[in-house]
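Take this structure, written in structure tokens, and hold onto it; I'll ask about it next.
Only heavy atoms go into these numbers, but all of them, side chains included; no hydrogens, no water, no symmetry mates.
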Amino acid sequence: MVKIIETVADAIAIKLLNKNTIVTGKGNELHLYKRVDESIVEDVLNVKLRNKIHGIEYYNTNILLIYGEMEFILVQWKTDCDEFEEFYRAQLTDWISGAILLDNAQIALLTAHSVILRFQYDWKQKTCDLLERVTCADDKSTLYCTHLYGSLWDDLIIFSGNAFGELLIWQPSLIHINENKENLRNSFLLHRINAHNGVIFSIDYNAQSEILITTSDDRALKWWKVKKDKHNWSTSHLQSLASSYGHVARVFRGLIFMEGTEIYAVSVGEDSYLCLWLSSGELLFKRHQQYGAVIWNIAYDSDTRTVYTVGACGNLLAYDLKDLFKQHMKLLLKPKILSKNTTEYIAKIKFLNEHELLGITSNNRLIKMQSDRRDFADDQKCHVIEETINFKCTVMEIYKDSIALAGYKRLVILLYNEINQQFRRIYDAEILKSVIRSFIFFDSCKYLVCDDQGNCMLMRNKIKCFFDLPKSKEPWLTAGLLLHGEQILLISNRQGHVLLYKYNKEENIYNLKHNLKNIHGNLGATKLMPIFVNESKALVCSSGHKSCLNRILVDFQKYAMKLCTKDNIPVAWVDDVVQIFKHSPILLGFNDNHFVAWSKNYDFLLQIPCGGGHRCWDYVISKTDEKFITLAFIQNKEVVIYYRRLYNAALLLSPTAKKWHTSSCNVAEIYQQGDLNVNIAITGGEDNLIKIHNICEKGLKQKFELHNHISNIRTIRAVDVKDYELFIFSGGGRAQLSITRVNVQKNHREELINYTIRNSEQNRKQLTNNKYNYEPETRLMALDVLKIDDCQYKIYIGCSDGYVRLLYFKASDTPEIQQISQLFYNKCILQLQVIKEENCVIVGCTEGSLKFFNTALSECIYKIKHHQSGINALAVHHNAATRSVKMLSGGDDQAVCYTELGFSDDNQWKILNKFSRSIWHTAQVTAACILSNGLYGITGSLDQNIYKINLKNGEILESFHSCIADIKGVSCWHYKAKDHFLIYGCGYQVFCFDDYYFK
């Protein structure tokens, strides 16, 4: 028997049973979520379909109807012990488009071709009998969505949508009996409305407001008013009210609800956004809700005003809408002391503390505004500070109780006493040669100043140190960081460079030692933050005006920097970082015209419209347990203030989300160091990401990601370096090869090589026959690595342009890579594996043959025909003791082929065992692996059937049907005395078998 350890797949169905209980369909499994205290606990129920669960219906008699594809089951919920017991299961001959539980212990199922079936069930007798079958006689198009409304069969109304954008409405109780066919009854459409310019994916109807909404792949949510007599739909009329556009991809689900007398709708879709709409069609709120994964469905709890979403990674995520229903008015601030002067306005603002705001006007007057944290308004207490600022202020910065004001050559520092509300000038001098553009506080007594000519001054405990930045068009700095006992100074400038300066004590000057160029845009970094620091080096994270975070390794001995990795983030402009959650810092910045707060664990926490990031702004976060943020910025010469909760309470309740690939996973590599208890799964997918996961008892737990690739990832190999350290070789689209050094204990990663494969004869103007010029769309389809020693490696790469290429990689302080040779195979390479002990390279391609080449790629030493067409999966097992090679493969021809090779007396390859099975799978075979003992194999196919095979006699030992669609491969590993397997594609399943089959 198979034991499913973990399933991560599409969660399409969701049903709210009560405010504390939710059930979802994750893949083919039914998952129960219970709200306990301040968290939501997940449990996997022993209720499954063969394929994915598409819908869940619930009736107040504690009966659940669960369906998917052509199958449905009836389940009784025993609320006293939270047990779910299946009492009936059946299979139809057509896909189920929609279902509903009716009064009088009846259910209705609508098929994808407009046939509705009415059943009578009895949970005590465990029966479900067909009462009648009604078909819609004037429409046989394939339905893509259905909404059934009514509690009795006589009142039941069917709303459905098809691929032509038509909204179809009919009532099955209005029937015409077909005398020629027994038990066949016909009904007819009441309405056929051209509603959308594409497939209709969802329909919802609210009887109280008589409003209907539809969503489609034309990216619209449409509102309709239903006009009818009380119970007479035959005379009904639909009027189009509004069209709502806010999604950038297909809208899969819309839900309508009422809050008081107001009508709202929420919608979700392929773009991973949750949108809240007013009935006028206006977009009220939009949030990135499922970490980039497709959102399939939603549910709304009117008691707690919480919306729940489920998506392609199986996660259940909640969001509290209570704050959105409140009237959040932005406060426009113009103190009365400025009202008489129509030309004077506040030009710069900063928060002194949680209750006080400091501004400087266009006439260089300092104004302090004091108020309750949320009520900055015109009637607040505010006054002009007596300290005279007789120069144009270009920079204002505040650190605790120190205020720095800078302008042309001059710097003024004020000290603020919050108790007596007094300001005291502690420093006033001309310090630089031109207009000061940058000021950075390290602490109250240490700060860095720079003018628009690149002249810098570092003040450390009243000791001044002057130095210059490199000459450029805008030579001033944007961020700074002191390291190594203030001996090292990192600076980012307006060219996007990061500069390393070393302190010369004798001359009291900082000298430029290293320049890391162009890692940020022209506006430079906004923040340099140390991740860890020791005596010899530091790892620094830099953020800026690009959607990425850079990790920079700083060497204190060599006074050099190295860019390790770039992590892509969905924030276009990161301006600050705050640490509120223990393991997930919050990034504050701007996206388009919104101020945003983003966390890796919780996605976007806050979005406030502000007009964009090119303006003076500041914020303060409350010190209470409920973290509120007060945001102030200047827009149209007015100070605008928002006061909001920094995070949504419902987000923190949700179970820890699985950060799986948001698109299909193409490859998985297992890496183990048994003596160190290192068990790692490395996966790569169509989302251009490499994810590193810990393998644990309950499945996979993500450690971190690599953002090295610009296109999809097709192949990965992991090679030992030393304890806890490995090289990850990865390749994919755009002919890109990436080599990354990873320490799995410290979670440190450093990209050593990012190399584009090119044809070695590309420089020749005319290529001879059988020579193919490099194309930028070449894909690296398969690779393997031959380790020469700890520093030298040979990389064999099979490419889509028909070449097998051999590269040499040297892992030194300055990593080197070069192409040694290439072999033109003349077919797209699909599989490649190296057997080091036999000095050979096995290559499989689209013609179905497996060829053995020597490691120099100069000679084909053996060839065997395995398939009639492309080889999609290849597993190789080498037994060094017997010098035998076992090969299990799957192909486009739907066949599973196995060959065992050995050596004859004259040292030539010979076949020891062979079989081919073409009837096991009914679709392309895309997954194959051989267990470490070499006795058993696993195969998987697009038909989602998984087989366990005895490789000696070619018999199936066990099989099961996986809910994972578009299977791309299978990996195996030995963990805690048992063989475990990972089947992956659109999601993944971790499973194992009873030991009986492997004895």
Side-chain angles (χ1 to χ4, degrees), residues 14 16 19 22 35 40 204 206 208-209 211 213 215 221 223 242 244-248 251 253-269 271-291 295 297-311 316-331 373-374 570 586 588 591-599 602-611 619 621-622 626-631 640-654:
I14 179 172
L16 190 69
K19 67 179 182 179
I22 302 168
R35 187 165 180 166
I40 297 176
D204 196 29
N206 182 273
Q208 183 179 350
S209 62
I211 296 292
I213 60 170
T215 66
L221 179 145
W223 299 78
S244 301
Y245 291 91
H247 289 277
V248 295
V251 187
R253 186 75 171 94
L255 182 66
I256 190 170
F257 64 93
M258 297 188 69
E259 182 64 32
T261 59
E262 294 293 328
I263 304 169
Y264 297 90
V266 285
S267 60
V268 293
D271 57 4
S272 198
Y273 278 101
L274 165 72
C275 292
L276 177 65
W277 308 91
L278 297 173
S279 57
S280 62
E282 179 185 351
L283 179 63
L284 181 63
F285 174 73
K286 183 176 181 179
R287 183 179 189 271
H288 205 246
Q289 180 73 2
Q290 285 270 353
Y291 308 99
I295 306 179
N297 212 336
I298 45 179
Y300 179 70
D301 183 0
S302 57
D303 292 332
T304 60
R305 296 174 183 172
T306 302
V307 62
Y308 298 91
T309 63
V310 288
L316 173 74
L317 294 178
Y319 197 85
D320 193 337
L321 300 181
K322 281 197 291 286
D323 287 345
L324 300 175
F325 299 135
K326 299 176 183 177
Q327 294 296 320
H328 284 291
M329 296 182 61
K330 64 181 181 182
L331 301 173
R373 60 186 181 180
R374 70 172 71 191
I586 298 175
L588 303 178
N591 265 349
D592 298 325
N593 61 346
H594 283 74
F595 171 83
V596 298
W598 179 85
S599 159
Y602 301 106
D603 215 329
F604 286 100
L605 300 166
L606 185 70
Q607 297 178 98
I608 297 176
C610 67
Y619 73 94
I621 297 176
S622 64
E626 289 186 327
K627 297 297 182 183
F628 285 84
I629 184 170
T630 307
L631 174 70
V640 183
I641 297 178
Y642 282 91
Y643 175 78
R644 294 284 177 86
R645 192 186 303 273
L646 184 55
Y647 56 80
N648 190 279
L651 280 175
L652 307 186
L653 291 176
S654 303

Non-neighbouring partners of Asp303 that pass side-chain contact (heavy atoms from CB on, under 4.5 Å), sequence neighbours left out: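 Counting only residues at least two positions away or on another chain, Asp303 forms a side-chain contact (heavy atoms from CB on, under 4.5 Å) with Lys19, Asp301.
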Between CZ on residue Phe604 and OH on residue Tyr291, distance to nearest 0.5 Å: 12.0 Å
Using side-chain hydrogen bond (donor to acceptor under 3.5 Å, both in side chains) as the criterion, list what pairs up with Thr306, not counting sequence neighbours.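 Thr306 satisfies side-chain hydrogen bond (donor to acceptor under 3.5 Å, both in side chains) with Thr304 only.
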Correct closest heavy-atom pair for Ala318 and Ser654 would be N-OG, 3.0 Å
On a heavy-atom basis, which atom in Ile256 and which in Ile213 lie closest, and how many Å separate them?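 Scanning both residues completely, I find the closest heavy atoms to be N-CD1, 3.8 Å.
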Run the salt bridge (Lys or Arg N to Asp or Glu O under 4.0 Å) test against Asp320 and tell me which residues pass, sequence neighbours left out. Lys322
Could you tell me which non-hydrogen atom of Pro570 sits nearest to which non-hydrogen atom of Trp598, and how far apart they are?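 Looking at all heavy atoms of both residues, the shortest contact is CG-NE1, 3.3 Å.
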Under the rule for side-chain contact (heavy atoms from CB on, under 4.5 Å), what residues qualify as partners of Leu653, not counting sequence neighbours? Arg35, Glu38, Ile40
In chain order, what residues pass the side-chain contact (heavy atoms from CB on, under 4.5 Å) check against Ser279, with sequence neighbours excluded? Trp223, Ile263
Looking at CG of Asp204 and CG of Leu255, how far apart are the two atoms once the value is rounded to the nearest 0.5 Å? 5.0 Å
All side-chain contact (heavy atoms from CB on, under 4.5 Å) counterparts of Ser267, not counting sequence neighbours: Leu221, His247, Val251, Cys275, Trp277
Separation between OH (Tyr245) and CG (Leu283), nearest 0.5 Å, reads 14.0 Å
Residues in ring pair (Phe, Tyr, Trp, His ring centres under 6.0 Å) contact with Phe257, at least two apart in sequence or another chain: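 Listed in chain order: Tyr264, Tyr300.
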Taking only residues two or more places apart in sequence or in another chain, which ones pass salt bridge (Lys or Arg N to Asp or Glu O under 4.0 Å) with Arg305?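 Scan of Arg305 (salt bridge (Lys or Arg N to Asp or Glu O under 4.0 Å), adjacent residues dropped) gives Glu259.
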Taking only residues two or more places apart in sequence, or in another chain, which ones meet His594 in a ring pair (Phe, Tyr, Trp, His ring centres under 6.0 Å)?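 Not a single residue meets the ring pair (Phe, Tyr, Trp, His ring centres under 6.0 Å) criterion with His594.
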Minimum-distance pair of heavy atoms, taken over all atoms of Thr309 and Gln289: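 Closest heavy-atom pair between Thr309 and Gln289: OG1-CG, 3.3 Å.
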Taking all non-hydrogen atoms of both residues, which atom of His288 and which atom of Asp603 are closest, and how far apart?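 Looking at all heavy atoms of both residues, the shortest contact is ND1-OD2, 3.2 Å.
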Once you round to the nearest 0.5 Å, how far does CZ of Phe285 lie from CG of Leu324? 5.0 Å
To check you understand the geometry: which heavy-atom pair defines the closest contact between Leu588 and Ala597, and what is its length?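 Result for this residue pair: CD2-CB, 3.6 Å.
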Using the side-chain contact (heavy atoms from CB on, under 4.5 Å) rule, take Leu606 and Phe595 through it: C-alpha gap first, then chi angles, then the decisive distance, then the call. CA-CA 8 Å; Leu606 185 70; Phe595 171 83; 4.2 Å; yes
Looking at residues at least two apart in the chain, or sitting in another chain, which of them share a side-chain hydrogen bond (donor to acceptor under 3.5 Å, both in side chains) with Asn206? Ser209
Below 4.5 Å, heavy atoms only, C-beta onward: do Gln290 and Leu317 meet side chain to side chain? yes
Residues Lys627, Leu605; criterion side-chain contact (heavy atoms from CB on, under 4.5 Å); working and verdict: CA-CA 12 Å; Lys627 297 297 182 183; Leu605 300 166; over 6 Å; no
Nearest 0.5 Å, please: how far is CG in Leu274 from OH in Tyr319? 8.5 Å
side-chain hydrogen bond (donor to acceptor under 3.5 Å, both in side chains) partners of Asn591, counting only residues at least two apart: none
Name all residues meeting the salt bridge (Lys or Arg N to Asp or Glu O under 4.0 Å) criterion together with Glu282; count only those two or more places apart in sequence or in a different chain, and write none if there are none.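 Per chain and number, Glu282 pairs via salt bridge (Lys or Arg N to Asp or Glu O under 4.0 Å) with no residue.
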Would you give the length of the straight line joining atom CZ of Arg644 to atom CZ of Phe628, rounded to the nearest 0.5 angstrom? 11.0 Å
